[in-house]
2 protein chains.
Amino acid sequence: MEIRIGDLAKRSGCEVVTIRYYEKEGLLPKPARSGGNFRLYGEAHIERLQFIRHCRSLDMTLSEIRALLGLRDNPMQDCGEVNTLLEAHIQQVEMRVSALLQLKRHLVDLREKCSGSRSVEACGILQGLGNCNYHGESATNSQTSG
Amino acid sequence: MEIRIGDLAKRSGCEVVTIRYYEKEGLLPKPARSGGNFRLYGEAHIERLQFIRHCRSLDMTLSEIRALLGLRDNPMQDCGEVNTLLEAHIQQVEMRVSALLQLKRHLVDLREKCSGSRSVEACGILQGLGNCNYHGESATNSQTSG
DNA sequence: AAAATCTCTATAGTCACTATAGAGTCAAGT
DNA sequence: ACTTGACTCTATAGTGACTATAGAGATTTT
Ligand SMILES: [Zn+2]
Ligand SMILES: [Zn+2]
Ligand SMILES: [Zn+2]
Ligand SMILES: [Zn+2]
């Protein structure tokens with residue numbers, strides 16, 4: 001049972017170019033080729049790609065996924081590392097959520113400052129964006145990548 | 001009162017290169033130059049950059065900020081657009097938060113599946129990442145950029 | 001005068017893709 | 001046999017908001 005890249009894309013819900021990208025990044029092994037140089041995939045590829053896409057839907061980076069795949073490829077190891085990685089990822093998600101919630105409180109607070117349709121000059125939102133009392137001193141950023 | 005780019009960076013809590021980047025992107029106007037071709041900034045630049053950094057700390061994109069600056073530069077307009085933009089941004093943040101919370105439930109659920117130190121092969125986490133019962137059919141992605 | 005610090009421009013890299021160009025392959029219809 | 005269309009191939013550039021680097025020039029400190 002050999003399928004081409006387009007079918008694999010349909011089965012895994014990801015784009016053809018993305019599959020080629022994963023191959024280039026070493027997440028998917030290089031598949032066999034047809035006479036006309038088309039990639040030919042089998043069951044193992046399908047399953048591996050679904051694993052990758054599932055991890056991606058959980059916001060894992062390709063580097064995290066690479067680590068998980070590496071563990072999966074050596075089934076005799078202790079699974080402690082899997083737990084460690086998952087735990088670290090959960091914490092990252094938690095941190096991002098609390099950062100976003102804090103930021104949202106700030107935004108909602110700003111929204112209150114405009115009491116209706118006035119001139120931009122007098123708008124409390126723009127003023128609030130200019131000089132803010134939320135942060136201790138000046139507006140330094142506390143940005144984390146999403 | 002004219003300061004150089006390094007001082008502006010300190011005052012605004014952002015990197016020198018970032019200031020030059022904002023200039024290239026048209027968010028900051030081109031400043032005057034010294035005899036030795038150094039950028040010289042005044043009060044208006046400082047305030048504008050603080051505005052930008054504040055917006056960035058609220059996760060606004062440069063394109064959103066550009067729009068706000070455009071409004072700010074025409075103070076006679078009605079401020080309705082400011083409200084619209086802020087509202088849309090709040091909704092984006094809310095969507096991102098709920099997506100992350102759902103994803104976190106999924107991750108926590110996965111964490112339960114490993115009952116301790118075993119072989120990778122038998123680990124419930126890796127198995128759970130392979131075939132999942134969370135999603136209706138197969139693991140399609142529901143990604144939003146963060 | 002020399003050394004250290006700051007600034008300049010230009011270019012490439014990050015991440016996980018997305019988009020495009022131009023050529024080759026294959027199955028179906030005429 | 002020929003054309004059409006759908007699919008695939010490689011290679012390259014673009015996205016967003018920066019970060020990192022190289023090599024040169026300006027200014028300040030010692
Ligand atoms: Zn207003
Ligand atoms: Zn603030
Ligand atoms: Zn386990
Ligand atoms: Zn799942």
Side-chain angles (χ1 to χ4, degrees), chain A residues 2-28 30-41 45 49 51-69 89 92 96 140-146, chain B residues 2-28 30-41 45 49 52-69 89 92 96 103 140-146:
Chain A
E2 287 179 326
I3 62 173
R4 300 210 296 231
I5 200 168
D7 293 324
L8 180 56
K10 265 169 214 146
R11 277 181 192 243
S12 56
C14 85
E15 304 272 339
V16 166
V17 282
T18 304
I19 296 173
R20 289 197 281 250
Y21 172 68
Y22 289 160
E23 179 183 329
K24 206 178 60 175
E25 291 296 305
L27 299 178
L28 282 176
K30 302 205 172 193
R33 296 284 182 134
S34 73
N37 201 32
F38 286 9
R39 290 171 177 82
L40 297 176
Y41 296 99
H45 291 101
L49 182 54
F51 180 94
I52 294 171
R53 292 309 288 174
H54 195 204
C55 292
R56 282 296 296 135
S57 82
L58 294 170
D59 242 11
M60 294 183 189
T61 63
L62 293 196
S63 141
E64 288 174 306
I65 297 170
R66 220 188 310 272
L68 284 178
L69 286 170
H89 185 61
Q92 277 176 36
R96 181 68 182 144
T140 56
N141 69 323
S142 57
Q143 211 82 13
T144 40
S145 76
Chain B
E2 287 180 324
I3 61 174
R4 300 211 297 231
I5 198 167
D7 293 323
L8 181 56
K10 266 169 212 143
R11 278 180 190 242
S12 57
C14 85
E15 304 272 338
V16 167
V17 282
T18 305
I19 296 173
R20 288 198 281 251
Y21 173 68
Y22 290 160
E23 180 183 330
K24 207 177 61 175
E25 291 296 307
L27 299 178
L28 282 176
K30 303 205 171 192
R33 297 285 182 135
S34 75
N37 201 30
F38 287 9
R39 288 170 177 83
L40 297 176
Y41 296 99
H45 292 101
L49 181 54
I52 294 172
R53 293 307 289 174
H54 194 204
C55 291
R56 282 294 298 134
S57 82
L58 295 171
D59 241 12
M60 293 183 190
T61 63
L62 294 196
S63 140
E64 286 173 306
I65 298 170
R66 218 187 311 271
L68 285 178
L69 286 170
H89 185 61
Q92 276 175 36
R96 181 68 182 145
L103 183 157
T140 56
N141 70 325
S142 57
Q143 211 83 13
T144 41
S145 78

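In what follows, chains carry the letters A, B, and so on, assigned in the order in which the sequence lines appear, proteins first and then strands, with residues in each chain numbered from 1.
With sequence neighbours excluded, the residues forming a side-chain contact (heavy atoms from CB on, under 4.5 Å) with A:Phe51 are A:Cys55, A:Leu68, A:Leu69, A:Arg72, B:Leu126, B:Leu129, listed by chain and number. Listed by chain and residue number, A:Thr18, A:Leu27, A:Leu28, A:Leu49, A:Ile52, A:Arg53, A:Arg56, A:Leu62 satisfy the side-chain contact (heavy atoms from CB on, under 4.5 Å) test with A:Tyr22 (two or more places apart in sequence, or in another chain). Partners of B:Glu23 according to the side-chain hydrogen bond (donor to acceptor under 3.5 Å, both in side chains) rule, which considers only residues two or more places apart in sequence or in another chain, are B:Arg39. Taking B:Glu64 as the reference, B:Met60, B:Thr61, B:Leu85, B:His89, B:Gln92 meet the side-chain contact (heavy atoms from CB on, under 4.5 Å) condition, with sequence neighbours excluded.
Distance check: A:His45 NE2 to A:Arg11 CZ gives 13.5 Å after rounding to the nearest 0.5 Å. For the atom pair B:Cys14 SG and B:Tyr21 OH, the distance stands at 12.5 Å (nearest 0.5 Å). Note that CG of B:Leu8 and OH of B:Tyr41 are 6.0 Å apart. Values are rounded to the nearest 0.5 Å. Annotation: the span from B:Glu15 atom CD to B:Lys10 atom NZ amounts to 11.5 Å, rounded to 0.5 Å.
Of all nucleotides listed (C:dT9, D:dT8, D:dA17), D:dT8 comes nearest to the side chain of A:Val16. Of the candidate nucleotides D:dC9, C:dA16, C:dT9, D:dC9 has the atom nearest to the side chain of A:Arg33.
Note on A:Thr61: only backbone sugar-phosphate atoms sit closer than 4.0 angstrom, heavy atoms only; bases stay farther off. As judged by a 4.0 angstrom heavy-atom cut-off over every strand, A:Arg39 is placed among residues touching the sugar-phosphate backbone only.
Taking 4.0 angstrom as the limit, B:Arg53 places a side-chain polar atom (N or O) nearer than this to OP1 or OP2 of D:dC18.
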Intra- and interstrand pairs of DNA chain C - dot-bracket, Watson-Crick/G-U under 3.5 Å, | marks other strand: ||||||||||||||||||||||||||||||
Base-contact (B) and sugar-phosphate-only (S) positions in nucleotides 18-27 of chain C, heavy-atom cut-off under 4.0 Å, - elsewhere: S-----BSS-
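Toward the 5' end of DNA chain D, the nearer of the two residues A:Leu40 and A:Lys24, judged by each one's closest nucleotide, is A:Leu40.
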